[in-house]
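Here the structure is laid out as structure tokens; the discussion comes afterwards.
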There are 2 protein chains.
Amino acid sequence: MTGMPTSRRKTALARPHPAATDTAAVQDSPWRASRERVRDRQVKREAVIRAAAHAFNRKGYHNTSLDDIAAALEVSKPTVYYYVSNKEQLLFECFVAGIEPIRAAVRAARSPNVPARERLQTVLGHYGQAVASEFGWCMVRAEDQDLSPTMSAHIKSLKSEIDQGIRRLLREGMQDGSIQPCDPKMTAFALAGALNWIAHWYRENQSMTGAQIATAFIAIFENGLLPRTPLSPERAPGGSER
Amino acid sequence: MTGMPTSRRKTALARPHPAATDTAAVQDSPWRASRERVRDRQVKREAVIRAAAHAFNRKGYHNTSLDDIAAALEVSKPTVYYYVSNKEQLLFECFVAGIEPIRAAVRAARSPNVPARERLQTVLGHYGQAVASEFGWCMVRAEDQDLSPTMSAHIKSLKSEIDQGIRRLLREGMQDGSIQPCDPKMTAFALAGALNWIAHWYRENQSMTGAQIATAFIAIFENGLLPRTPLSPERAPGGSER
DNA sequence: TAGAATATCTACTCACCAGTATGATGCATG
DNA sequence: CATGCATCATACTGGTGAGTAGATATTCTA
């Protein structure tokens, strides 16, 4: 009987987001599929990762408990711990799942028989798609501050790999004449920032797909805001990916 | 005596960032200034906000306890609660402190006697400075998921105000011919994303100031990656702000 | 100088949650 | 069908941290 009628409910304050359908089950759970125990560790492990990504997307890392994830899969918490060693690793796995396609694209962009700007287009296209994927949020938001030094270092190096790849493409583009002279470091930051931010506003079932957004962004970055002299009718000679 | 020598230490897992100088005191605390009680509620309140921003910057919102903030100010937790009602409000105040200068810049950019691209330059300049400021992190990272519906809606409307302002400048720029035809919505997202992301990599005492970074970004966005026909010797006719 | 208002502290409560101890249940295989 | 392994659950621990109760000290005011 504290008196004041102002909103008490410690719980309500601590969890600002009780969110209607909280235990919103994941669409496909290897457990719900059949009641008898399926022996496929890898499939289940990936289902756990995916469920975690889903929950992190909606409620954020810190507002998601492992009980939430377990509930979404309709299993108990120890089951989750049977497939991953702890919460941090769960975030890390989501991060890797999100960033891997980008790394692949960067590695594939080494072929020097294509103008660097076109190769950059391809990389940025995959980048945008990855950020808009189900793991995009985790990839973008995996914070230093929530990870052990080891994991943090690992993540940093993966991110750096991509950053360096983009800078290299920019430099190569300046050399082969397909890209306007610019500061590769700052330009890479601007590009990555614009694309990363997609994770903050993009939601599935939106009008545009990740690839379409990436294409639009590439056009913006290529053309620039400054009006171009209207004597180059073809603005993007290379075919956009997809 | 659990057996396995694998890393136990529940605490170490839960707080991955014990960070050497954790209770790193804030430079200027109205409390440390003089031991007798100063009667200046507003000054102290602002000191609390600033200390919170500092802590959030370094450790993130969820890894910062109100005890941390109190310790940084060399007071006790109830003292902090004497100036703010709860942790959420603390985040909100930091957000507002960060975003206010941008809103001011957007409002000031209504004067129609200057080309819209130049007005946009000014807005983006202030934007970049704000993101690189001590409140930048809080402004950019104030998550929906950590806020009550009321606060969340409030923040959304403030953000939207800026977004709409940028889109309007883009449209005006297309009309007055100072800006290349483009999709204002996507372009505003790209601009805001690139600038917001500054908060993720910028640290003070870096070689560039926030304003300098903003200037560099504006140049990148204006020129575009596509080489320009080398017949326009002056690339940015408008003087850069500052 | 007596009270009132302001400012601050010590010492709690209580919910939440990561992670675990322990044991049960099914499955394969000899 | 016994044994060992894989899989999963119940029920717990221990620690953390938001927020508070209630007392105390200091300053203002009448």
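We name chains A, B, ... by the order of the sequence lines, and we start the count at 1 in each one.
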> Of all the choices, D:dA9, C:dA7, D:dG19, which nucleotide is nearest to the side chain of B:Tyr82 once you look at every atom?
Replying inline: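 Of all the options, the side chain of B:Tyr82 is nearest to C:dA7.
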> D:dG19, C:dC9, D:dT7: which one has an atom nearest the side-chain heavy atoms of B:Ser76?
Replying inline: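 Of the options given, the side chain of B:Ser76 lies nearest C:dC9.
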Should the side chain of [X] and the base of [N] be counted as holding a donor-acceptor pair, with the cut-off at 3.5 Å?
X	N	answer
B:Lys77	D:dA18	yes
B:Lys87	D:dG17	no
B:Lys44	C:dA7	no

>> Side-chain N or O of B:Tyr81 versus OP1/OP2 of C:dT8: is the shortest distance under 4.0 Å?
In response: no
>> Please confirm whether the shortest side-chain N or O distance from B:Arg41 to OP1 or OP2 of C:dA7 is below 4.0 Å.
In response: yes
> Should B:Lys185 and B:Asp163 count as an ion pair when the cut-off is N to O under 4.0 Å?
Replying inline: no
> Do the charged groups of A:Asp40 and A:Lys44 touch, with an N to O distance under 4.0 Å?
Replying inline: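 Salt bridge between A:Asp40 and A:Lys44, a charged N being under 4.0 Å from a carboxylate O: no.
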>> Could you work out, with ring-ring contact (aromatic ring centres under 6.0 Å, His included) as the rule, every residue matching B:Phe56, not counting sequence neighbours?
In response: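 Expected list: B:Tyr61.
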> B:Phe217: what forms a ring-ring contact (aromatic ring centres under 6.0 Å, His included) with it, not counting sequence neighbours?
Replying inline: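 B:Phe217 satisfies ring-ring contact (aromatic ring centres under 6.0 Å, His included) with no residue once adjacent residues are dropped.
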>> What contact category does A:Thr79 fall into here, base, sugar-phosphate, or nothing, at under 4.0 angstrom with non-hydrogen atoms?
In response: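 Sugar-phosphate contact only.
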>> Counting the atoms with a prime plus P, OP1 and OP2 as sugar-phosphate, which does B:Thr64 contact under 4.0 Å by heavy atoms, base, sugar-phosphate, or nothing?
In response: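 Sugar-phosphate contact only.
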> Once you round it to whole Å, what is the distance between P of C:dT6 and CG of B:Asp40?
Replying inline: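 Rounding to the nearest Å, CG of B:Asp40 and P of C:dT6 are 14 Å apart.
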>> Output the rounded distance in Å from CG (B:Leu91) to C1' (D:dA18).
In response: 15 Å
